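Structure record follows, encoded as structure tokens.
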Amino acid sequence: MIQLQEWIHKFEVGEGTRVVRVALALLGLLALTAVYDSREYRNFSTAEAMDAAQLARNIAEDQGYSTSFIRPLSLRLVEQQQISLNQRTNDFSLLRSGHPDLANPPVYPLVLAGLMKVLPFDWEIAGGIPFYRYQPEVLIAFFNQALFFAAIFLVFLLAARLFDPSVAWVSALLLTGSDLFWRFSVSGLSTMLIVVIFLGLVWCLVSMEQAGETSTRSGGWFVLMALQSGALLGLGALTRYAFGWLIVPVIAFFALHFGRRGFVLGLVALLAFASLLAPWVARNYYWSGTLFGTAGYAIVADLPPFPADKIERSLKPNLSDVELDDYVRKLLVNVGGMFQNELPRLGGSWISAFFLVGLLVPFISKTLGRLRIFLLLSLAVLTVVQALGRTHLSADSPEVNSENLLVLLAPVIFIYGAGMYSLFLDQLKLPFPPLRHVVTGAVVLLTCAPLIFTLLPPREYPLAYPPYFPPWIQQFGRWMGEKELVMSDMPWAMAWYGRRQSIWTTLNVQDPKRGDDFFTVNDSLKPVRGLYLTSLSMDARFY
């Protein structure tokens, strides 16, 4: 009886209250996941998600880092490099034996490939029954949602370390209630993985800064943490190339806040970053003569000579048509659009307004002030990188795309927004203390209103149709031989659902200067045995 009373006391006022809170939070998160997936889940709707998934499957099936989604630009790069290395063979551009992927950094496809080795992926779509979900995409969504849960947990720990438990709970709830992050979690993109990596990087920087204030760590520990920070940066860059630009604010953080040893720490982080990135960059250079393959041409995309997806579909691009003014115009136009649309509602939540207001408020804690400077530097760097790297992918899916770099900073901005809200709440003279929880609950509900309205009727149609209807695409793929080449206006979908090597529809037809790209592919590279066109091109005006 005494032992029972001790257990009851423990769960009422002792350590057990924490266990109860965590258990209730987990149950609530799982319930929200079940509701969201049953009502709002959709099949992949972006080319990037299908591209990464088909590449991962090729890796899992021991086909090497080869892609079934063939970009004409990639063919050109491989051809030129083969000629320069005097290695040109009859297997031109390796279309017959397996074309090397030059668009995707390796970490996310490799992670998905490991997942495909472990879990029972079912690639075939059964006929004769209504189709709503593609089983491999559901498993990939579950994996990314697990990463989302990890990000929520890291945000809670980081907020508790920077502020207090109440701010930690509010920050975690804000991230949990973000409609934009839920959409990313089922998109099939690498965003959730890169968010977890970024939060790990921030944790390292916070640990180093706090240890520097208290002088409780040895110099070797700081070097080890700088090494870990550089490794996380390298891992992030190998997940999404643009993430590597954060090496600039990281080195600035060390230089500004660690005195003389800041130079050494920055150098260690840079060496760790470069050591991880160098082998992959060398691999890209071996195959294409460029450091980042076709991904490096994103800066040229959407310029006047190469509107929309023209650069990737060009078998013989003429970069001499690009002028410096084109880059300046792209930067200014895209940055202007980001200031109007994305920055004011960063992360899809108006809690970022508290962060912006908080820029005018000095913090007593040096850690908060210094981390905020790092966050602002990162925001400035990623704004420029996102503006210059914008391609047709952002137009195809305006918010949920891999080019949305600012969303990576949103979880930490949520923490600062929640901290500023807590500071403002402390200034209010509420009639009685419990009213504080009521006000906070109302603010959280208002902030999470986009997700609440998303979950209300009507429910989302689970298929991203038009143009993607997996059974039709897979059926067309079955009509072709396993080694035959298909040309399509959505080759990523044919590669993913149809499991056939597919080249993007070429551009030039009967061009006296540049020839006919279709016959260049068909006659010189590999015969095109099928043509699959969809509403992506058939609804366009004919020229």
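The figures here come from the full heavy-atom set of this structure, side chains too, leaving out hydrogens, waters and symmetry mates. Bear in mind the structure is a predicted one, so any value in this text is a computation, not a measurement.
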Determine, step by step, whether Glu460 and Arg39 satisfy the salt bridge (charged side-chain N to carboxylate O under 4.0 Å, His left out) criterion, reporting the C-alpha distance in whole Å, the side-chain angles of both residues, the deciding distance to 0.1 Å, and the verdict. CA-CA 6 Å; Glu460 181 68 58; Arg39 295 189 58 83; over 6 Å; no
For the residue pair Gly293 and Ser288, what are the closest heavy atoms and their distance? CA-OG, 3.9 Å
Phe243 versus Leu408, closest heavy-atom pair with distance: CD1-CD1, 4.1 Å
Going by heavy atoms in the side chains, are [X] and [Y] under 4.5 Å from each other?
X	Y	value
Leu359	Leu376	yes
Tyr416	Leu371	yes
Arg240	Tyr108	no
Ile197	Thr239	yes
Ser166	Trp169	no

Give a yes or no on whether the backbone of Ala160 and the side-chain of Asp164 come within a donor-acceptor separation of less than 3.5 Å. no
Separation of [Y] [atom2] from [X] [atom1] (nearest 0.5 Å):
X	Y	atom1	atom2	answer
Leu379	Ile413	CG	CD1	5.5 Å
Leu201	Ile247	CG	CD1	9.0 Å
Asp51	Leu189	CG	CG	11.0 Å
Phe258	Phe222	CZ	CZ	6.0 Å
Leu445	Ile452	CG	CD1	5.0 Å
Asn58	Asp62	CG	CG	10.5 Å

Glu399 vs Arg183, test: salt bridge (charged side-chain N to carboxylate O under 4.0 Å, His left out). Steps then yes/no. CA-CA 9 Å; Glu399 286 186 307; Arg183 284 191 284 155; 2.7 Å; yes
Do Tyr421 and Thr440 have side-chain N/O donor and acceptor atoms under 3.5 Å apart? yes
Between Thr367 and Arg161, does any side-chain donor sit less than 3.5 Å from a side-chain acceptor? no
Can you confirm whether or not the ring centre of Phe44 sits under 6.0 Å from the ring centre of Trp492? no
Could you give me the CA-CA distance, side-chain angles and deciding distance for Phe198 and Trp203, then say whether ring pair (Phe, Tyr, Trp, His ring centres under 6.0 Å) is met? CA-CA 9 Å; Phe198 179 72; Trp203 183 270; over 10 Å; no
Below 30° counts as parallel, above 60° as perpendicular, anything between as tilted: where do the rings of His257 and Phe253 land? perpendicular
Would you call the rings of Phe181 and Phe414 parallel, tilted or perpendicular if under 30° counts as parallel and over 60° as perpendicular? perpendicular
Does Phe69 form a ring pair (Phe, Tyr, Trp, His ring centres under 6.0 Å) with Trp496? I'd like the steps, not just the answer. CA-CA 8 Å; Phe69 169 20; Trp496 173 230; over 10 Å; no
Checking side chain to side chain donor-acceptor pair (under 3.5 Å) for the pair Asn404/Asn401: CA distance, chi angles, key distance, verdict? CA-CA 6 Å; Asn404 187 347; Asn401 59 73; 5.6 Å; no
I would like to know whether Arg390 and Glu403 meet salt bridge (charged side-chain N to carboxylate O under 4.0 Å, His left out); could you show each step before the answer? CA-CA 7 Å; Arg390 180 185 170 88; Glu403 296 170 359; 5.9 Å; no
